[in-house]
Amino acid sequence: MADDQAIEILSRLSSLKTQRTTWESHWQEVADFVVPRKADVTKNRSPGDKRSEMVFDGTAIHAAELLSASLHGMLTSAATSWFSLRYRSEDLNSDDEAMEWLQSVEDVMYKAFGRSNFQEQIHELYHDLITFGTAVMFIDSDDEQQLRFSTRHIKECYLSEDDKGRVDTIFREFKMPTRAALKRFGEEKLSSKILERGKKNPYEQVKLVHAVFERHERDTLKLTSENKPFASIYIEPEEKIILSEKGFDENPYTCPRFLKSSFEIGYGRSPSMTALPDIKMLNRMSEVTIRAAQKQVDPPLLVPDDGYLLPPRTIPGGLNYYRAGTRDRIEPLNIGANNPLGLNMEEQRRGAIRAAFYVDQLILGEGPQMTATEVVQRTEEKMRLLGPVLGRLQAELLQPLITRVYALLSKQKAFAPAPEFMQNQDLEIEYVSPLAKAQRQGDIQNMTRLLELMQPIMQLSPDTMDHIDADGVAKHLIKILGVPATAVRGGQEIALMREQRAEAQAQMAEQQELMQSAEAAGNAAPMLRAIQAQDQ
């Protein structure tokens, strides 16, 4: 029997489908030329089917793979730290005990990321982001690996935004094997039709709908899953029944957009969309050039209509017979093809495609011999050009991702208990990936330049050093470079060390003063005895 709530949710899904219609043909065209393995947005293709029949040049495919791999390496690489946690209170940021506890939290989170399937799924997300402009990842807890990530194909997902432009509604229409649905939801939830089909063929796939949206009407005093801020409802659309209704404290989906127009709701645009005219033109030009080259290598033939026995044989060693006494010959047809011109035009289109995918910024071009410092500087300058991309990805991908993972691990009690004085303290996320550090390298260069210029001035006037706060410089460099808390000392520990050092120096000065007094007394003793002897 149909459920009223399921009917209402499916009605919302129908509205979102209508809004997304214009995007689908665009996504299909992008997928045909840039990511053929996902070219089934509006086309129904069989698994394992050949999908590259429209591609004559792979420049866009390789450029997209390079950009996705580069974003992965520069933002969320498994080999380097890419985020750190800080307290909103500056007093705690200088407390050694508080910072070491926070460092232990970061270690637990990094281990959970490494143990899960995060690396493979985040790379898939970057690829979707570059091609379709919108990517969707589901983040949930896992009994075995603590965390589980799942990047979903854009064709499954229907999105909407709140008044602040954040994606808060995700409807996903997908298929699942009947036996998997039976294991997940149980026999009592599935309809009789699905159960009957499952008995005949447990591998037959059944269509399901997963709806996640923000609850505006809920009882905040109740801690049940039905009163969580975000609703999570699974529906069987064929019978219009609810299979499961739960909730989340935070949005389990993260939906970043590469670029987004202010008047377009839900979905973003990508470098592939920007380069699509050049991509289509290059493929058409490559097709024409290939045909022209084929005609030059195996040209059409001019054959007299009455002097030869047809058909002509063009294979190596082929014999062609003609009537004796005739002067007619088989001659190739000169088509006048200009292959160099076509190749030059193709290379122009390839350059435009590479520029759209930031290839020039990602690869250090060939040039004269450079020092290691010059190479580093040029690399950092190129990475800083990706700053606008980094800003949106931090807001729509990294921040909700880290927040969601921290909440899941907290519920699993994976973190060590925090000291009492740190209870209910707000945390902030600081990004320390190679790309984020490149954005801040200018501060280090400016500080280094300042100290270099101050050295000759300090030789003329040592008081000039009063303008430099050495402790402030050290703290700023530690923050910019993202040095872990276990490698630096806290403010209290530094103050204690300086106090002990001052006490030791005071004791040493006192001992030296006593020694000097004793030495002076020792030197005065013979003189005193001589004076006493004269008086006698």
For residues [X] and [Y], report the shortest heavy-atom separation together with the two atoms involved.
{"X": "Val55", "Y": "Pro36", "answer": "CG2-CG, 4.2 Å"}
{"X": "Thr131", "Y": "Ser272", "answer": "CA-OG, 3.3 Å"}
{"X": "Ser25", "Y": "Thr42", "answer": "N-CG2, 4.2 Å"}
{"X": "Ile170", "Y": "Cys255", "answer": "CG1-SG, 3.9 Å"}
{"X": "Gly268", "Y": "Thr134", "answer": "N-OG1, 2.7 Å"}
{"X": "Ala39", "Y": "Ala31", "answer": "CA-CB, 3.6 Å"}

Output every pair passing ring pair (Phe, Tyr, Trp, His ring centres under 6.0 Å) with a member in [range], not counting sequence neighbours, ordered by first then second residue.
{"range": "residues 255-293", "answer": "Trp23-Tyr267, Trp27-Tyr267"}
{"range": "residues 155-198", "answer": "Phe185-Tyr234"}
{"range": "residues 42-71", "answer": "none"}

Under the ring-ring contact (aromatic ring centres under 6.0 Å, His included) test, which residues partner [X], sequence neighbours left out?
{"X": "Phe118", "value": "Trp82, Phe113, Phe149"}
{"X": "His26", "value": "none"}
{"X": "Phe357", "value": "none"}

* Structure fact -> residues 385-400 vs salt bridge (Lys or Arg N to Asp or Glu O under 4.0 Å), sequence neighbours excluded, gives Arg257-Glu396, Arg392-Glu396
* Pairs meeting criterion salt bridge (Lys or Arg N to Asp or Glu O under 4.0 Å) with involvement of residues 122-132, two or more places apart ->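 Checked against salt bridge (Lys or Arg N to Asp or Glu O under 4.0 Å) - neighbours excluded - the pairs reaching residues 122-132 are Arg37-Glu124, Lys38-Glu124, Lys38-Asp128.
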* **Derivation of the side-chain contact (heavy atoms from CB on, under 4.5 Å) call for Asn227 and Arg215** => CA-CA 8 Å; Asn227 287 281; Arg215 281 194 178 106; 5.8 Å; no
* **Residues Arg12, Leu16; criterion side-chain contact (heavy atoms from CB on, under 4.5 Å); working and verdict** => CA-CA 6 Å; Arg12 297 187 197 177; Leu16 292 176; 5.5 Å; no
* Asked: Can you list every pair that meets side-chain hydrogen bond (donor to acceptor under 3.5 Å, both in side chains) and has a residue in residues 136-148, with sequence neighbours left out?
  -> Arg115-Gln146
* Lys189 atom NZ, neighbour heavy-atom count above 12 within 6.0 Å -> no
* To do: Can you establish whether the number of heavy atoms outside Lys183 located under 6.0 Å from its atom NZ is more than 12?
  => no
* To do: State which residues pass side chain to side chain donor-acceptor pair (under 3.5 Å) with Lys246; sequence neighbours excluded, sorted by chain then number.
  =>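 Listed in chain order: nothing, the list is empty.
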* Asked: For Glu238, which residues count as a side chain to side chain donor-acceptor pair (under 3.5 Å) partner, sequence neighbours excluded?
  -> Arg197
* To do: Would you please test Arg166 and Glu214 for salt bridge (Lys or Arg N to Asp or Glu O under 4.0 Å) and show each step?
  => CA-CA 11 Å; Arg166 298 174 301 188; Glu214 191 173 0; over 6 Å; no
* Any side-chain donor-acceptor pair under 3.5 Å between Ser70 and Tyr358? ->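 The criterion, which ignores hydrogens and geometry beyond distance, is not satisfied for Tyr358 and Ser70.
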* **Polar contact flag, side-chain donor to acceptor under 3.5 angstrom, Gln28-Asp32** => yes
* Asked: Looking at Glu156 and Arg172, does any basic side-chain N land under 4.0 Å from a carboxylate oxygen?
  -> yes
* Asked: Between Glu196 and Lys199, is there a salt bridge with N-O shorter than 4.0 Å?
  ->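 Judged by the 4.0 Å cut-off on N to carboxylate O distance, Lys199 and Glu196 do not form a salt bridge.
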* Is a side-chain donor or acceptor of Ser68 paired with a backbone partner of Ala64 at a separation under 3.5 angstrom? -> yes
* For Gln121 and Thr151, indicate whether the former's side chain and the latter's backbone hold a donor-acceptor pair under 3.5 Å. =>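 Such a contact is found between Gln121 side chain and Thr151 backbone.
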Counting only pairs under 3.5 Å, give me each side-chain donor-acceptor contact of residues 201-211, with atom names and distances, residues two or more places apart or in other chains.
from   : atom 1 : to     : atom 2 : distance (Å)
Asn201 : OD1    : Tyr203 : N      : 3.2
His210 : ND1    : Tyr253 : OH     : 3.0
His210 : NE2    : Ser232 : OG     : 2.8

